[in-house]
Amino acid sequence: MRVQVQESVETGPAVNEARALSPAASLFHSLSDPARLAILRHLAAGEHRVVDLTAHLGLAQSTVSAHLACLRDCGLVTSRPQGRASMFSLATEPNLMELLGAAERLLAETGDAVDLCPTYGSTARRRPRAE
């Protein structure tokens, strides 16, 4: 990933680099939920209604709708009205599929070691969050 970083005396190179990488971090955060990834994978097969995704994923309609809203706000999915329902589809299918394919290849190379990470792995996701 190439990012142009302009330094200034007030902020310094580290702050500017972090600021420049913020959109990439937001993108990866939008992909950080297993349900959102499952929705994207299902939409790769074609457009679907919320009710289709709800049935396929076994999640509540409100949960699927919230995830779709997140993905739409991030520019990853689009919707179009069809009667009383909305049809959802991938907004940037080739690039998104390339990114997800690269992630699968990286996981295969690392032996899914990231899933063992105490901060972001599956065990950490099951722990209750401190408030």
Side-chain angles (χ1 to χ4, degrees):
M1 177 180 311
R2 284 192 109 164
V3 177
Q4 285 279 5
V5 178
Q6 291 185 359
E7 295 180 27
S8 69
V9 175
E10 301 86 38
T11 58
V15 172
N16 285 329
E17 184 174 16
R19 200 174 286 146
L21 291 171
S22 181
S26 296
L27 170 66
F28 286 113
H29 188 71
S30 73
L31 299 173
S32 69
D33 188 280
R36 286 194 292 272
L37 286 174
I39 289 169
L40 293 173
R41 178 178 278 173
H42 199 61
L43 290 177
E47 63 182 3
H48 293 284
R49 301 171 298 162
V50 173
V51 68
D52 301 327
L53 295 167
T54 299
H56 176 75
L57 300 170
L59 297 172
Q61 181 271 328
S62 59
T63 301
V64 172
S65 293
H67 285 307
L68 284 167
C70 170
L71 293 167
R72 185 182 55 235
D73 291 346
C74 291
L76 300 176
V77 302
T78 60
S79 65
R80 66 175 182 82
Q82 184 178 15
R84 294 176 54 193
S86 292
M87 298 298 290
F88 287 86
S89 61
L90 297 179
T92 58
E93 185 171 357
N95 292 327
L96 184 56
M97 291 298 98
E98 183 179 331
L99 175 64
L100 295 176
E104 287 177 5
R105 290 187 300 277
L106 181 59
L107 289 169
E109 284 183 26
T110 62
D112 296 329
V114 72
D115 201 37
L116 301 174
C117 173
T119 305
Y120 296 111
S122 59
T123 304
R125 287 193 305 272
R126 288 192 296 263
R127 258 188 254 131
R129 293 184 183 188
E131 299 203 23

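Atoms considered below: every heavy atom in the structure, side chains included; atoms not considered: hydrogens, waters and symmetry mates. Note that this is a predicted model, so its numbers are computed, not measured.
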Q: Determine, using the 4.5 Å side-chain heavy-atom cutoff (strictly less than), whether L37 and I39 are members of one ILVMFWY cluster.
A: yes
Q: Answer yes or no: is there a side-chain heavy-atom contact under 4.5 Å between R80 and E47?
A: yes
**Q.** Shortest non-hydrogen contact between V50 and F88, atoms and distance
**A.** CG2-CE1, 3.6 Å
**Q.** Single-linkage hydrophobic cluster, 4.5 Å side-chain cutoff, F28 and V77 together
**A.** yes
Q. Do L116 and Y120 sit in the same hydrophobic cluster, where Ile, Leu, Val, Met, Phe, Trp and Tyr count as joined when their side-chain heavy atoms come under 4.5 Å apart?
A. no
Q. Between L40 and L31, is any pair of side-chain heavy atoms under 4.5 Å apart?
A. yes
Q) Say you draw a straight line from CG of L90 to CG of L76; how long is it, rounded to the nearest 0.5 Å? A) 8.5 Å
Q) Where is the tightest heavy-atom contact between G46 and H48, given as atom of each residue plus distance? A) O-CD2, 3.0 Å
Q) Rounded to the nearest 0.5 Å, how far apart are CG of L107 and CD of E109? A) 10.0 Å
**Q.** Sub-4.5 Å side-chain heavy-atom contact between M87 and R49
**A.** yes
(Q) Is there a path of hydrophobic side-chain contacts, each under 4.5 Å between heavy atoms, that joins V114 and L106? (A) no
Q. Which heavy atom of G75 sits nearest a heavy atom of T92, and at what distance?
A. O-CG2, 4.3 Å
Q.
To check you understand the geometry: which heavy-atom pair defines the closest contact between L59 and A35, and what is its length?
A. CD1-CB, 3.8 Å
Q. Say you draw a straight line from CG of D52 to NE2 of H42; how long is it, rounded to the nearest 0.5 Å?
A. 6.5 Å
Q.
Nearest 0.5 angstrom please: L96 CG to E98 CD, how far?
A. 10.0 Å
Determine all donor-acceptor pairs shorter than 3.5 Å in which one atom belongs to a side chain in residues 60-71; sequence neighbours excluded.
{"residue": "Q61", "atom": "NE2", "partner": "S65", "partner atom": "OG", "Å": "2.7"}
{"residue": "S65", "atom": "OG", "partner": "Q61", "partner atom": "O", "Å": "3.0"}
{"residue": "H67", "atom": "ND1", "partner": "R36", "partner atom": "NH1", "Å": "3.2"}

Q: State, with a plain yes or no, whether a side-chain heavy atom of T78 is found less than 4.5 Å away from one of S89.
A: yes
